[in-house]
Amino acid sequence: MGMLAAAAASTLLASPQAPAGRRRVSGAWTLRLRPAASPGAGTLRLHNFVPKCYITNIEVDVSTVSKEEDFDDPPSLPPGCSIPVVNLCGDVLDSSPFSLHDRASCPSDFEELPVLSEGEQHTLASTPAHPAGLYALYASYLFGNLVEQLWNFAWPAALAILHPSLLPVAIVGFFTKLSVFIGAPIVGKLMDHFPRIPMYTALNAVQVATQLISAATVIYALKNLKHASTTAVVLRPWFIALVAAGAIERLAGLVLGVAMERDWVVLLAGTNRPVALAQANAVLNRLDLICETVGASVFGLLLSKYHPVTCLKIACGLMICSFPVLVMLGQLINRVSCHALDSSRTATDESICIDLLDVRKLVQNSLSAIKHGWNEYKQQTVLPASAATVFLNFNVALAPGAIMTALLMHRGISPSIVGAFSGLCSVMGLVATFISSSLIKRVGILKAGAAGLIFQASLLSVALTVYWVGSISQRTPLLIFLASIALSRLGHMSYDVVGTQIVQTGVPASKANLIGGMEVSIASLAELVMLAMAIVANDVSHFGFLAILSVSSVAGAAWMFCRWLTNPTDEQRELFMFDPLYQVQAIQ
């Protein structure tokens with residue numbers, strides 16, 4: 001009946017000047033629309049439709065059963081015209097007219113669609129679909145990320161104690177990024193076709209096992225290696241095992257993060273609840289920053305009191321205990337969210353998974369997954385938003401990290417100032433997670449993203465200008481330089497939250513892990529490129545060159561994102577139809 005109603009209404013709209021009359025359709029009922037009595041009642045009062053319009057004073061009269069005329073080819077609607085389709089049940093209709101907007105005149109068994117007020121819509125947008133599931137997700141994310149961040153600080157610290165050269169750490173880091181670049185697309189594709197909870201359990205098992213293997217190799221080296229040369233260290237079997245286990249561990253950890261941040265949180269918060277999703281993303285970012293700080297602090301405290309081998313054994317104990325807890329939390333998330341994570345994938349999932357897990361086709365599947373992932377990635381409507389996130393990974397100079405620390409120490413800056421700068425950057429990142437959700441609620445997700453990128457690019461430009469014009473060895477230029485970089489973290493972390501939500505909104509659930517894995521893969525490639533440039537320009541005097549590249553990458557990300565907003569496609573407008581930016585443009 002809904003198709004009959006649409007066909008009859010389209011016929012009337014095709015000839016708006018004709019009096020409303022009776023149209024016979026192929027079915028058991030005939031539908032007649034009458035304009036309400038008003039000046040100019042001879043024409044239908046249907047024009048200037050917008051997404052939030054309401055149609056009133058329209059009566060629907062159903063009478064005269066007839067099957068004499070087929071209506072297989074209804075007239076098409078004029079361009080740009082759209083009408084609502086009302087599904088009517090046959091047992092409800094009678095021969096007396098009733099007003100759709102008059103509740104009292106409707107039959108008692110007519111199914112009404114509730115219309116929410118503006119306040120109720122805001123409340124719904126802020127309410128997660130599965131709040132209990134989200135809390136369980138936060139607990140799982142906190143516990144797993146805490147152990148992971150502790151290990152991310154433990155292994156480089158242990159290698160630094162083992163050998164004074166930075167080469168062993170650099171080699172492990174290089175192959176870690178390389179494994180993510182190659183493996184993230186195929187693992188992401190596998191996760192899109194594999195049941196979520198079993199895959200979550202398997203990845204946690206792989207991550208814990210590789211962490212234990214890595215810890216065992218480092219403990220072995222600390223007990224048996226004495227004053228070996230750099231070449232002797234990197235060619236030992238234990239070091240090769242450490243590189244392989246570290247690469248697999250990092251890949252498993254990143255893919256788990258992509259699954260929880262791009263897929264699970266969207267299902268639990270609700271794709272059509274932007275404020276709730278923004279708040280959930282902000283909470284995950286806060287937990288990540290807290291775990292990063294606490295993990296490093298805890299292991300540093302252990303190293304100050306115990307032998308490195310003892311500290312690594314304590315870390316191994318935490319890893320072993322973490323696995324059953326994480327598995328239990330994964331099951332709890334699914335149970336309290338009414339099994340939302342059990343939603344089906346596609347009909348060909350089983351055959352695809354068997355093919356992807358075929359060891360004989362590992363290289364072929366990897367190359368095919370990268371090609372397939374890239375083709376899917378570049379076709380996404382939200383590609384510029386994701387590409388802006390990748391561009392931000394090129395900023396390795398004007399950000400807290402090894403290069404910035406080396407620069408400040410080389411210029412004779414006090415270690416206390418260097419530590420205070422790193423702490424301030426962490427605080428700014430934490431503050432940004434609170435600002436971003438509030439900003440999204442006030443101006444919408446698109447304007448919030450543009451504001452974050454422009455803010456970061458502006459402050460980094462100030463820092464670059466100060467570096468070239470003044471000497472950062474002097475107190476005032478140094479404070480301006482460091483303050484600009486620290487404040488720029490507000491924009492960086494704000495866009496990190498916003499960009500994640502934009503991709504979550506624009507990427508279908510069936511491809512969330514594939515696209516997320518591809519983004520992580522390309523970001524790792526960007527870091528590899530900047531790492532290569534830092535190796536080439538390894539002298540501190542070349543820092544200005546790296547700083548220019550960093551500012552250019554952030555400015556390029558801001559330009560790309562703003563251009564995407566100012567030249568929207570129809571698909572983009574439809575995807576973000578409720579964002580204030582496009583609602584204002586539609587009204588104008």
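For clarity, every value in this text was computed on a predicted model and none was experimentally measured.
For Arg250, the salt bridge (Lys or Arg N to Asp or Glu O under 4.0 Å) partners are Glu148, not counting sequence neighbours. Qualifying ring pair (Phe, Tyr, Trp, His ring centres under 6.0 Å) partners for Phe561, counting only residues two or more places apart in sequence or in other chains: Tyr495, Trp564.
Between Phe299 and Phe153, the ring planes lie perpendicular to each other; the angle is over 60°, past the 30° to 60° tilted range.
For Leu383 against Tyr377, the heavy-atom pair with the smallest separation is CD1-CE2, 3.4 Å. Residues Ala282 and Val497 approach most closely at N-CG1, 4.2 Å, considering heavy atoms. Heavy-atom minimum distance, Asn224 versus Tyr220: ND2-O, 2.7 Å. The minimum heavy-atom distance between Leu203 and Ala252, with the atom names listed, is O-CB, 4.1 Å. When every heavy atom of Ile213 is checked against every heavy atom of Ala245, the shortest pair comes out as CG2-CB, 3.9 Å. Summarising the geometry of Ala158 relative to Leu222, their closest heavy-atom pair is O-CD2, 4.2 Å, with the distance given to 0.1 Å.
Contact of the Val507 side chain with the Val382 side chain is registered, since non-hydrogen atoms from C-beta on lie closer than 4.5 Å. With a 4.5 Å cut-off on side-chain heavy atoms, Ser436 and Gln501 do not count as touching. When side chains are defined from C-beta on, Leu549 does not count as touching Phe394, because their heavy atoms never get closer than 4.5 Å. The side-chain heavy atoms of Leu408 and Ile417, taken from C-beta on, include no pair separated by under 4.5 Å. With contacts defined as side-chain heavy-atom distances shorter than 4.5 Å, the pair Arg411/Leu478 does not qualify. Taking the side chain as every heavy atom from C-beta outward, Ser386 and Met518 never approach each other to under 4.5 Å. Counting only heavy atoms from C-beta outward, the side chains of Met404 and Ile485 approach each other to under 4.5 Å. The shortest side-chain heavy-atom distance between Val218 and Leu162 does not fall under the 4.5 Å cut-off.
For the atom pair CG (Leu332) and OH (Tyr135), the distance works out to 14.0 Å, reported to the nearest 0.5 Å. Within the model, atoms CG of Asn285 and CE of Met493 stand 4.5 Å from one another, a figure rounded to the nearest 0.5 Å. Here the OG atom belonging to Ser488 is positioned 6.0 Å from the CG atom belonging to Leu459, to the nearest 0.5 angstrom. Note that CG of Leu487 is 10.5 Å distant from CG of Leu460, once rounded to the nearest 0.5 Å. In this structure, the separation between CD on Gln207 and CG on Leu212 is 10.5 Å, given to the nearest 0.5 Å. Leu142 CG to Ile290 CD1: the interatomic distance, rounded to the nearest 0.5 Å, is 7.5 Å.
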*Step by step, work out the side-chain contact (heavy atoms from CB on, under 4.5 Å) result for Val396 and Leu546.*
CA-CA 8 Å; Val396 298; Leu546 295 176; 5.6 Å; no

*Show your reasoning for whether side-chain contact (heavy atoms from CB on, under 4.5 Å) applies to Ile472 and Leu407.*
CA-CA 10 Å; Ile472 62 172; Leu407 171 72; 4.1 Å; yes

*asked:* Pair Arg286, Leu430 - check side-chain contact (heavy atoms from CB on, under 4.5 Å), show working.
replied: CA-CA 6 Å; Arg286 290 170 206 155; Leu430 190 61; 3.7 Å; yes

_Quick one, Phe181 with Val520, criterion side-chain contact (heavy atoms from CB on, under 4.5 Å). Give me CA distance, side-chain angles, the key distance, then yes/no._
CA-CA 7 Å; Phe181 169 66; Val520 170; over 6 Å; no

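Judged by distance alone, the side chain of Asn375 and the main-chain N or O of Lys371 form a donor-acceptor pair under 3.5 Å. Looking only at distances, no side-chain donor or acceptor of Ser521 sits under 3.5 Å from a matching main-chain atom of Gly517. For the pair Asp496 (side chain) and His492 (backbone), a donor-acceptor distance under 3.5 Å is absent. Listed for the Ser140 side chain is no donor-acceptor partner under 3.5 Å among the backbone atoms of Leu137. Counting only distance, with no hydrogens or angles, the side chain of Tyr200 and the backbone of Leu326 share a donor-acceptor pair below 3.5 Å. Distance alone, capped at 3.5 Å, places no donor-acceptor pair between the Asn334 side chain and the Gly330 backbone. One N or O on the side chain of Gln380 and one on the backbone of Glu376 form a donor-acceptor pair closer than 3.5 Å. No donor-acceptor pair under 3.5 Å is formed between the side chain of Ser494 and the backbone N or O of Gly491. With hydrogens and angles ignored, the 3.5 Å screen pairs a side-chain donor or acceptor of Ser484 with a backbone N or O of Ile480.
For Lys313, the NZ atom counts as loosely surrounded, since its 6.0 Å shell holds 12 or fewer non-hydrogen atoms of other residues, nucleotides or ligands. The environment of CZ in Phe175 is sparse: at most 12 heavy-atom neighbours from other residues, nucleotides or ligands sit within 6.0 Å.
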